[in-house]
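Here the structure is laid out as C-alpha cells; the discussion comes afterwards.
Side chains are part of it too, since the values below use all heavy atoms of this structure and drop only hydrogens, waters and symmetry mates.
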Amino acid sequence: QVQLVESGGGLVQAGGSLRLSCAASGRAFSSYRMGWFRQAPGKEREFVASASWSGVGGGTYYADSVKCRFTISRDNAKNTVYLQMNHLNPADTAAYYCAARGAQPIASIWISNPSSYDYWGQGTQVTVSS
C-alpha cells in the first residue's frame, strides 16, 4: 500500500513559479512510476508528467502543454517526487494530483492514462492569476 501527500500549491501570478512535492509512504517507492495529473473545475483529469524509477531520461514524459515549462524529478532517498512549474499561466489553474503505479511494465501510450495508476494523493490547488 502506498500513501501520497501533495504540498506546495498556492496562488501565484502569471509568469511565476511553484514547486509541488509529493511525499510517499511505502518501502517500494523507488520502483514505482510516479505521475502528476491535474483537474480544473468541470474538466476531466489530465496528464501532466510522469517519471520512471530513475526520474530522468527516456522514462520521463510530459504533456505537450507543459513541456519546457514543467520539470518532474524524484528523490528516492526521501520518497518524494517533485513538479517544478515555471512560466505559469491562468490555464494551469487546477487541482494537482500525485499518482503512483507499481513496477510492472507499461506501454508508453498508457502512461498518460489515469487508469494506469494505482494510488492517488488528495490533491493540492494551484491558482494562477492574470
Side-chain angles (χ1 to χ4, degrees):
Q1 190 74 9
V2 174
Q3 291 186 326
L4 305 173
V5 179
E6 302 97 335
S7 61
L11 175 64
V12 63
Q13 288 188 330
S17 299
L18 281 175
R19 188 176 82 155
L20 305 183
S21 299
C22 173
S25 64
R27 293 177 295 173
F29 171 80
S30 62
S31 66
Y32 280 69
R33 169 168 287 279
M34 302 299 296
W36 286 97
F37 290 77
R38 66 187 182 186
Q39 188 167 17
K43 295 187 177 181
E44 293 187 353
R45 189 165 297 190
E46 66 171 357
F47 172 74
V48 175
S50 179
S52 66
W53 68 272
S54 67
V56 298
T60 303
Y61 297 82
Y62 294 94
D64 288 343
S65 59
V66 306
K67 272 180 187 175
C68 302
R69 299 190 299 124
F70 291 12
T71 302
I72 187 171
S73 62
R74 61 192 297 168
D75 185 337
N76 289 333
K78 295 182 178 180
N79 276 17
T80 301
V81 63
Y82 304 97
L83 185 68
Q84 177 67 44
M85 306 186 294
N86 299 327
H87 304 295
L88 286 160
N89 60 67
D92 296 315
T93 295
Y96 282 71
Y97 297 89
C98 176
R101 170 185 167 82
Q104 63 271 32
I106 181 175
S108 59
I109 60 170
W110 291 105
I111 287 175
S112 62
N113 192 316
S115 65
S116 298
Y117 294 80
D118 304 306
Y119 305 101
W120 291 86
Q122 83 289 349
T124 185
Q125 179 67 33
V126 171
T127 302
V128 184
S129 63
S130 58

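- Identified under the salt bridge (charged side-chain N to carboxylate O under 4.0 Å, His left out) test for residues 121-130, with sequence neighbours left out: none.
- In summary, the aromatic rings of Phe37 and Phe47 are positioned with their centroids under 6.0 Å apart.
- Other residues, nucleotides and ligands contribute only 12 or fewer heavy atoms inside 6.0 Å of the CD atom of Gln3.
- Contacts of Glu46 classified as side-chain hydrogen bond (donor to acceptor under 3.5 Å, both in side chains), with partners at least two apart in sequence or in another chain: Arg38.
- The side-chain hydrogen bond (donor to acceptor under 3.5 Å, both in side chains) check on Tyr117 picks up Ser50, with sequence neighbours excluded.
- Legend: residues meeting side-chain hydrogen bond (donor to acceptor under 3.5 Å, both in side chains) with Lys78, ordered by chain and number and at least two apart, are absent.
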Which pairs of donor and acceptor atoms, one on a side chain in residues 15-22, lie under 3.5 Å apart (sequence neighbours left out)?
| from | atom 1 | to | atom 2 | distance (Å) |
| --- | --- | --- | --- | --- |
| Ser17 | OG | Asn86 | OD1 | 2.9 |

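- In this structure, Trp36 has its ring center at least 6.0 angstrom away from the ring center of Phe70.
- Residue Val48 comes nearest to Val66 through the heavy atom pair O-CG2, 3.5 Å, listed as atom of the first residue, atom of the second, then distance.
- Under the rule for a side-chain hydrogen bond (donor to acceptor under 3.5 Å, both in side chains), Ser130 has no partner lying at least two apart in sequence or in another chain.
- Note that CZ of Arg69 is 12.0 Å distant from OH of Tyr62, once rounded to the nearest 0.5 Å.
- The two atoms that bring Leu4 and Ala24 nearest to each other are CD2-CB, 3.5 Å, heavy atoms only.
- At least one test fails for Arg101 against the ring of Tyr119: distance under 6.0 Å to the centre or angle within 45° of the axis.
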